Participant: 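Dropping a structure here in structure tokens format, bear with me for questions.
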There are 2 protein chains.
Amino acid sequence: MSANQEKEQPRRRQARGERRIAQLLEAAATVFTTTGYTAASTNAIAREAGVSPGTLYQFFPNKEAIAIELGDRLMHEMRETYGEALAPVDPATPLEEAVGAAVDRFIAFNCEHPVFFALMHGPDIPGRIAEEHDALHATLLSRIEGLLSSLLPDTAPADLTRTAHMCLGLYKAGLELVLAHEAAERDAYIQELKNALVRYLDPLVGATLGHHKPRP
Amino acid sequence: MSANQEKEQPRRRQARGERRIAQLLEAAATVFTTTGYTAASTNAIAREAGVSPGTLYQFFPNKEAIAIELGDRLMHEMRETYGEALAPVDPATPLEEAVGAAVDRFIAFNCEHPVFFALMHGPDIPGRIAEEHDALHATLLSRIEGLLSSLLPDTAPADLTRTAHMCLGLYKAGLELVLAHEAAERDAYIQELKNALVRYLDPLVGATLGHHKPRP
DNA sequence: GACAAACGCGAGCGGTCGCTCGCATTCTGG
DNA sequence: CCAGAATGCGAGCGACCGCTCGCGTTTGTC
């Protein structure tokens, strides 16, 4: 067996090539968003990008790699934009504000990159992308769990995990509704999502800290 | 029963045929559940049922018809079992009880027929099934809206619709988590789903009726 | 038992899709 | 300026899928 140099061969790219890659990824995002990953054909992506199938395969070894690269770039942008957003666990900020800020940021990201939702929610997605999705999912869950554990110090870990799962599930449900509407109606759904999350969590932190506001 | 001939074909079936149909639908349910509708191949369904592809097409004109028939039977069973379940709008029953009962019934149905979730949530499903899904969706929404309007008489219709959408979305999110777990953990998620729904709705009916229980 | 209809089979047809290959064109380093 | 790498093309290959067809078997009816 010879040295395996297929791993990270420093393939020399020209500026033209980088442009093509960006163009192809953009086209792929469009096609994936409208038809989903499996139903999207590589020929359709190439057509959308205005190039031939052969050109597409000049830059991507296979269909999965397109989605992988797209996912990687989205992930990178997400980390860049919101990496520090979920980190601060200020126990002084009211729950409503903390939830509202987090929801606003993530909703904004998903609205700006609708393909993210398509890639992460497809029931048909192959191995590597599913791994990425699971990794992100796990990251988000542990982040949420961390936030919750500082709000609910005396709660069993199993309950904490379950609550985190519920929060993420509730967020996903709200996201779907938000993406399905526009303008004012969309904003109203964002508010409702915040309401649902806050009301779900409020009794927990209320019971723990004993300093929630009574109903007027 | 009268002669229930469809549009054109007074096809006479033998008992053997009816058995095959049931057998094929069961196999289809299995395959659809595990791989989703689009990824499921008719050959795989026939193999799962232990018959040849030709036999499958003796009873179904095409792949879509299999899913349609499966959907119809599920829908029928659902109406039979829960047709009257969501109807009674007893304003005297506490919100917690009403939500709990409704959730229990629908969760039970979805746990018993996991293919229902697969068929109704596939992002790849063709025309007729999507229509059925939309019809069911609309039916559930109007039912929920009806229940809500009796609880929240002085609420704008748009807000009512939005709240109904949120309830259904929250339920779907919870259902996904419930189906992903088993035994005790599943029960715990069912309880959390009920909590989320009740806490989301409680402030609304509390504000309207002014007779909610204060926190201990 | 005779006959037709319903049932059952599985090789294979037409079509699509992911992907390749041979060859032409454009860029870049020396 | 030119050798060679990078880019671009598109017909077409192999695999798979939905579905068909011809033919043999079983079943119901008289």
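Letters A, B, ... are given to chains in the order of the sequence lines, protein chains preceding strands, and every chain is numbered from 1. As the structure is a computational prediction, the values presented were derived from the model and not from experiment.
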Participant: Reckon A:T55 has a side-chain N or O less than 4.0 Å from the OP1 or OP2 of D:dC9?
Facilitator: yes
Participant: Indicate yes or no for a side-chain donor-acceptor contact from B:E48 to the backbone of B:V31 under 3.5 Å, with no hydrogens or angles considered.
Facilitator: no
Participant: Nearest to the B:F59 side chain among D:dG8, C:dA5, C:dG8, which nucleotide is it?
Facilitator: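 Of the candidates, C:dG8 comes closest.
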Participant: When you get a sec, tell me which of C:dA6, C:dG18, D:dA11 is the closest nucleotide to the side chain of A:K63?
Facilitator: C:dG18
Participant: Indicate whether the side chain of B:E192 and that of A:H165 have a donor and an acceptor atom separated by less than 3.5 Å.
Facilitator: no
Participant: Name the nucleic acid region contacted by B:A39, choosing base, sugar-phosphate or nothing; use a 4.0 angstrom heavy-atom cut-off, strictly under.
Facilitator: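 If one applies the 4.0 Å heavy-atom cut-off, B:A39 turns out to touch nothing in the nucleic acid.
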Participant: Figure out the CD/P separation between A:Q58 and C:dC21, and round it to whole Å.
Facilitator: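 The answer, rounded to whole Å, is 13 Å.
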Participant: Without decimals, in angstroms, what is the distance between B:E18 CD and D:dT27 C1'?
Facilitator: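 So the CD-C1' distance, B:E18 to D:dT27, works out to 15 Å.
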Participant: What is the distance, rounded to the nearest whole Å, between atom CG of B:L56 and atom P of C:dC9?
Facilitator: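 Distance, rounded to whole Å: 11 Å.
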Participant: On DNA chain C, compare the nucleotides closest to A:T42 and B:R13; which residue's is nearer the 5' end?
Facilitator: B:R13
Participant: By nearest atom, which of the nucleotides C:dG8, C:dA6, C:dG18 is closest to the B:R20 side chain?
Facilitator: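 From the listed options, C:dG8 comes nearest.
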Participant: Would you classify A:G54 as touching base, sugar-phosphate or nothing, given that sugar-phosphate means primed atoms plus P, OP1 and OP2, and contacts are heavy atoms under 4.0 Å?
Facilitator: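 Counting heavy atoms under 4.0 Å across all strands, the contact made by A:G54 includes a base.
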Participant: Mind checking B:A65 for me? I need base, sugar-phosphate or nothing, with any heavy atom below 4.0 Å counting as a touch.
Facilitator: nothing
Participant: Do B:K172 and B:F117 meet the cation-pi criteria used here (NZ or CZ under 6.0 Å from the six-membered ring centre, within 45° of the axis)?
Facilitator: no
Participant: Taking the six-membered ring for Trp, are B:Y200 and A:Y200 ring centroids under 6.0 Å apart?
Facilitator: no
Participant: Taking A:T55 for the side chain and A:V51 for the main chain, is one N or O donor matched with an acceptor at less than 3.5 Å?
Facilitator: no
Participant: Send over the distance from A:N62 CG to C:dC17 C1', rounded to a whole Å.
Facilitator: 14 Å
Participant: Quickly work out the A:R47 CZ to D:dG8 P distance and round it to whole Å.
Facilitator: 18 Å
Participant: Where the side chain of A:S52 is defined as all heavy atoms beyond and including C-beta, which of D:dT20, C:dC7, D:dG10 is the nearest nucleotide?
Facilitator: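 Of the options given, the side chain of A:S52 lies nearest D:dG10.
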Participant: Side-chain N or O of B:Y57 less than 4.0 angstrom from OP1 or OP2 on D:dT20?
Facilitator: no
Participant: Return the value, rounded to whole Å, for the distance between atom CG of B:N43 and atom C1' of D:dT20.
Facilitator: 12 Å
Participant: Between A:Q14 (CD) and C:dT28 (C1'), how many Å, whole number?
Facilitator: 7 Å
Participant: Rounded to whole Å, how long is the line connecting atom CZ of B:R16 with atom C1' of C:dG8?
Facilitator: 8 Å
